[in-house]
Amino acid sequence: MTMQWWRDAVIYQVYPRSFADGDGDGVGDIAGIRARLGHLRDLGVDAIWMSPWYPSPMADAGYDVSDFRDIDPVFGTLGEAEALIAEAHEAGIRIIIDIVPNHISSEHPWFKAALESETAPERDYFWFRKSQNMPTNWIGEFGGTAWTKIGEDTWYLHLFTPEQPDLNWEHPEVQREFESILRFWFDRGADGIRIDSAALLFKDTALPEVVDGEPHPFHDLDAVHDVYRSWRRIAEEYEDRALIGEVWMPDVERFTNYLRPDELHAAFNFDFLGCAWDPYLMRSCIQRTLDAHARVGAPPTWVLSNHDVTRHVTRYGRTDTTFSFENNLDGTPVDLELGTRRARAAALLTLSLPGSAYIYQGEELGLWENENIEPNQIQDPMYARRGHTRDGCRVPLPWSGDEPPYGFTAGTPWLPQPAEWKDRTVQAQTGDPTSMLELYRSAIGLRVFKDQAFAWLDRGEGVLAWTRGTDFACVLNLSEAPVPLPEHRDILLASSPLDGDLLPSDTAVWLRLR
Ligand code: NOJ
């Protein structure tokens, strides 16, 4: 019988460069993750999603893969990856790995062969075009043009950096290769695949211009669904394997097309991630999510942060609490106390809605965005193209001690950690009932309601409340004044102290009703 564990799992994203460093070079690695697996076991997560760990020139922090069947030496070896998978399984933790099908590294043997000769078969695995002028007006996902010229009159397409040439998914060899890569990792015990840029794979072969207000000719083309149907068939040859898509899509209907019963098992809910901290907008986003997923029978996901977006302690501490890449709020004022208070309430929200919840490493410690990284230390290629860096959310984790590197490494961390994080270490928070870490540990441990039916509870304006089954309720006060709690037997958990019998603003509570 299949467990369908992905339907209600708590999934923790490990960003290997910044989790823990085992060899003292300042960059996190598999040895560090293995040494710190106890943290994830104590947290109680069901699965880990590993951001890419493959050999890579690191033009985009490993999202430029040069070999999908090995591990980059900076992270360790294939043997260590296999040992990590086995140890995680022993600890009852599943492993999801990250596959990047839209593009590969310009150092991948395929692209090197394609550059060597115009007649190489590999040439057709990419988008090469001969033209005096740039073939189209397409702007890449990091900003800047999507074409790079080689030689006199030849261009190749890259929706990200020039070091990430796009693959031509019309080509059967590209399709075959990725099917084989999936099997390679499923055979090694991977329980799931996170699919990078899942909606971008196919391009309109006529290469039309982008026209304002019209769908992009390189986004969400129908042919992509056939790929995921074939991947689903492969996943089902194994037991209990999940496919999870990174699908950025404003149209919820088109988003859930990826989650039809013969396609992906789940996809990240970026609609929710970008939503303002506002009772009406939050409630309608949650309802929209539940309705859309119910239509296709897929589990909703709840995501607050990841390695690409501003950490939510920072977002929720700003006047504008939304997130989008187009609206750069870097450096605008932040009230970290308010952001932390809201982040605590958000944890109880995401961990009690139906579906699976994603935790981005450091979120359980209440880390905020480091907005004080010197430009010369920034490694994120987005910075040069868009003026926004994602490095602020990729800063190495603080484990112990009073000053950087907080037990992350015996060397110098690859990005600077704030001095204020001395109160944010795992060591400092462990055993402190008021800490973010203990809030997450308690909440994850209390999710016994996770398969119970959801129903809204009406608690008046500005309050979001719901029940799971007959015994459990979550109440979140997004209004400006304290509100009374519904009748209850016990308070299981509160994100901030209550005000007598009242639930203060920006506070969530879990109640046992009877
Ligand atoms: C999405 C990944 O999450 C991001 O980090 C990466 O830069 C792009 N896809 C390109 O692979």
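In what follows, every heavy atom counts, from backbone to side chain, and hydrogens, waters and symmetry copies are set aside. Note that ligands are numbered from 1 as they come in the structure, with each ligand's atoms numbered from 1 the same way. The residues of the chain are indexed from 1 along the displayed sequence.
- The part of Arg390 lying near ligand 1 is the side chain, judged by heavy-atom distances below 4.0 Å.
- Near His103, with a cut-off below 4.0 Å to any heavy atom, the atoms of ligand 1 are 10 (C), 11 (O).
- Nearest non-hydrogen protein atom to atom 7 (O) of ligand 1 is Asp60 OD2, 2.6 Å.
- Less than 4.0 angstrom separates some heavy atom of Ser197 from each of these atoms of ligand 1: 9 (N).
- The minimum heavy-atom distance between Pro208 and Trp138, with the atom names listed, is O-NE1, 2.8 Å.
- For the ligand labelled ligand 1, residue Gln13 lies outside the 4.0 Å heavy-atom shell.
- If you check which protein heavy atom lies closest to atom 5 (O) of ligand 1, you get Asp308 OD1, 2.7 Å.
- Taking 4.0 Å as the cut-off between side-chain N and carboxylate O, Arg386 and Glu141 do not count as a salt-bridged pair.
- Near Glu246, the atoms of ligand 1 lying under 4.0 angstrom from a non-hydrogen atom of the residue are 1 (C), 3 (O), 9 (N).
- At a heavy-atom cutoff of 4.0 Å, ligand 1 is contacted by no atom of Met382, backbone or side chain.
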Check: Run the ring-ring contact (aromatic ring centres under 6.0 Å, His included) check on Phe218 and His216 step by step: do they pass?
Finding: CA-CA 5 Å; Phe218 49 82; His216 285 178; 5.0 Å; yes
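- Between Arg36 and Asp21 no salt bridge is recorded (no basic side-chain N to carboxylate O distance below 4.0 Å).
- Classification of the Tyr258-His225 ring pair by plane angle, with boundaries at 30° and 60°, yields tilted.
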Check: Step by step, would you call Arg232 with Asp262 a salt bridge (Lys or Arg N to Asp or Glu O under 4.0 Å)?
Finding: CA-CA 6 Å; Arg232 177 69 174 242; Asp262 58 349; over 6 Å; no
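- Heavy-atom proximity to Phe142, at under 4.0 Å, picks out these atoms of ligand 1: 7 (O).
- Between Arg318 and Asp330, none of the side-chain N atoms (NZ, or NE/NH1/NH2) sits under 4.0 Å from a carboxylate O, so this pair counts as no salt bridge.
- A ring-centre distance under 6.0 Å is found for Trp185 and Trp53.
- Atoms of ligand 1 found under 4.0 Å from any heavy atom of Arg394, numbered from 1 in the order shown, are 5 (O).
- Among protein heavy atoms, atom 2 (C) of ligand 1 sits closest to Asp196 OD1, 3.1 Å.
- Looking only at protein heavy atoms, the nearest one to atom 8 (C) of ligand 1 is Phe160 CE2, 3.8 Å.
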